[in-house]
Amino acid sequence: MTQIPPIPLSPVLSRLPPLHPKSPFDYNLAFGSIALIILTLSAPHTGGWKLFRAGIAAPISISVFGYIILCAEDVYDINHWGVAILMSTFMMRISEFFIFFPPEENCHRLVPKSRLHPTSTSHLETTATTTTAPRQDEKEEQEEQEVLTPEPVPQPFTLSKLYWATSLWFSYRGVGWNTVCPLGGSSRRHPYLRKSTRKSFIKHNIKIYILYYLIDDFFRAIRNIYSAPFFSGLPGSPTYDSLTQIERAINSTAVVVKVWFVLVNSHILWGMTCVIVGGILGWEGEMFTPWGWPPLFGDLHELWRYPGLSTMWSRTWQGYNRRWLYVLGWIGIGENVLGLTHTGISAHPTVPITTTSTSSSSANSLHTSGQTSPSHPIPTSSPRLPTRRMSSKLMIQNLIKSLITFLLSGLNHDVGSLALILKNHPKNQAVYLSDVMRLTPFFVLQPFALAVEALFKTLWRRLKSKSYMKGQEPTWLTFMERIIGFIWTWVWLGYTARYFVEGMAQLGVYRRDGVDREMFLSVWGGLIWGKWWI
């Protein structure tokens, strides 16, 4: 299943220009392209501007980001890998916005109704409705419940449209937009509510940043001291199969923690910076207030309450790439190209507005596309949606679309692998496709487990409904369900993680060979191993 044909890439890669250290010119080129994207999004999506987006702005921006991937070298391997993935993500988002799914027709911000209709009662109100008592982690959310409504797309060539475009581009998870990815309960608690103060947000994030830094520092010492040979990326280094089960668990955790901290590190620092700037300049909105920067990852408590790979991948893991993976993979390739049945309404870009009055014209007047998405608009809840009974045919089609989506995710990560190979691979050795696609097998395996999990849940719920009413299951049964689901989630992830962990190690993402490597202070390295600088 994971064997990749030995297709040689050297004839193509040898034609690329040699890498050069990143220079001010490269940074100016990248940020200039982002400025071009935002300014282009500030223009109207009409006539010649559509052609300009697809025919001029998109090729220029994609070429610039491709140039950064293939030609600009970062001194740190993990940064080199991560920047390449980010540039690839930018290229996908440009394809979404400028070519396939124009944001004026598919995206809109969700704002308090009072901003648009300060005295009237709108039929677009979206209020939380529950049939059972609220969970403890939802009480704060319900206390500050506020009606949100789609914001009209601002007029082109205005400061409002410029801010709209800036927020659209930098809101990778869509917080404050109809495209927001599913967010866990920890995202809807203080200090991430609309009523939360900037001071409480900053204090909280400083505390968790220190804690997260100490966690990362411990596993950095693991990678650079305890398991240094495995992570060296050098020929003859220990293979994953040669490790004991304990060593595999330790090294796998060290890899996951590093990926987690790199993302959390930038998220927290950028969030605090934007919130502070917003406070100084008096700016509001999702980019400059605490509610726009909820935790990047869900917590283990939520994964315990709702165990399973579906929760892990849809709500607990960060959702930076979810939007473009969904619209380009699930919808674009799966539904539009292959003609598979539309499913997954929660993130579809063409779901009509839900109205509760007989007049639909006023609904469409709020937004030029007349479209909204019922995905979670914090801090309120989504309306009740129509559901489709899941048949065997739909399950197979969802599996196909999941395979497409996870394959795109794997290829996106292996863009970073390609960048590292261009940097570190010996020039006299041939490069094959299998050398580049080190990480993709991990992603391709996930849909099969998700399909098995979905089938098991369907059968189990059907069986359980014969003995218990929904919501009236005994405590012991709920506990056993959580135990089994929790074990299943981590056993599967631990088993399939070998492809990602070994791939990252062999690529040399974490190598510290002592040549031109800056040393950093390590608290745990010093306290446990006596090495304060690693």
Side-chain angles (χ1 to χ4, degrees), residues 9 12-45 48-104 107 156-157 161-174 262-263 266 270 287 320-321 323-325 327-329 332 408-409 411-424 436:
L9 299 180
V12 176
L13 300 182
S14 62
R15 297 179 179 274
L16 295 174
L19 291 176
H20 65 269
K22 286 180 182 175
S23 64
F25 172 79
D26 298 323
Y27 286 101
N28 292 334
L29 200 59
F31 286 110
S33 296
I34 293 176
L36 172 64
I37 292 167
I38 293 173
L39 291 174
T40 303
L41 288 172
S42 302
H45 183 245
W49 284 106
K50 293 183 180 180
L51 182 61
F52 178 81
R53 287 186 182 186
I56 299 178
I60 290 176
S61 302
I62 289 175
S63 298
V64 168
F65 297 135
Y67 160 80
I68 299 296
I69 293 172
L70 299 175
C71 300
E73 177 182 346
D74 195 294
V75 64
Y76 299 110
D77 291 326
I78 191 166
N79 291 348
H80 191 77
W81 177 77
V83 168
I85 295 175
L86 181 63
M87 297 298 103
S88 175
T89 298
F90 284 175
M91 294 162 72
M92 295 300 103
R93 299 185 75 221
I94 291 169
S95 300
E96 175 194 347
F97 293 150
F98 285 178
I99 301 175
F100 299 110
F101 296 96
E104 287 87 351
C107 305
F157 302 120
K161 185 68 183 292
L162 181 65
Y163 177 76
W164 182 91
T166 304
S167 175
L168 175 70
W169 178 255
F170 287 108
S171 296
Y172 301 141
R173 296 192 295 163
V262 166
L263 295 170
S266 61
W270 273 110
M287 286 186 64
Y320 274 161
N321 298 325
R323 171 68 180 180
W324 70 262
L325 285 171
V327 296
L328 297 183
L408 287 178
S409 181
L411 294 175
N412 185 58
H413 285 77
D414 272 330
V415 169
S417 304
L418 172 63
L420 273 183
I421 287 175
L422 292 175
K423 177 185 178 184
N424 296 328
V436 175

Under 3.5 Å, is there a donor-acceptor pair between the side chain of [X] and the main chain of [Y]?
X	Y	answer
Ser88	Ala84	no
His80	Glu73	no
Ser167	Tyr163	no
Lys423	Ala72	no
Ser266	Leu263	yes

Separation of [Y] [atom2] from [X] [atom1] (nearest 0.5 Å):
X	Y	atom1	atom2	answer
Ile56	Phe98	CD1	CZ	11.5 Å
Glu96	Leu325	CD	CG	10.0 Å
Leu418	Leu9	CG	CG	8.0 Å
Ser171	Arg323	OG	CZ	12.5 Å
Tyr27	Ile68	OH	CD1	9.0 Å
Tyr320	Arg93	OH	CZ	11.0 Å

Electrostatic pair Glu104:Lys50 at N-O distance under 4.0 angstrom: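 Lys50 and Glu104: not salt-bridged.
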Pick from Leu41, Ile34, Leu36: which one makes a side chain to side chain contact (heavy atoms under 4.5 Å, CB included) with Ile38?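 Considering Leu41, Ile34, Leu36, a side chain to side chain contact (heavy atoms under 4.5 Å, CB included) with Ile38 is found only for Ile34.
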Please tell me whether Phe101 and Trp324 form a close aromatic pair, meaning their ring centres lie under 6.0 Å apart.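 Aromatic pair excluded; centres sit 6.0 Å or further apart.
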Heavy atoms, side chains only, cut-off 4.5 Å: are [X] and [Y] in contact?
X	Y	answer
Tyr172	Asn321	no
Ile37	Phe90	no
Ile62	Ser95	yes
Val415	Met91	no

Minimum heavy-atom distance between [X] and [Y], given as atom pair plus value:
X	Y	result
Pro103	Trp164	CB-CH2, 3.8 Å
Ser61	Ile94	CB-CD1, 3.4 Å
Trp49	Pro44	CB-O, 3.0 Å

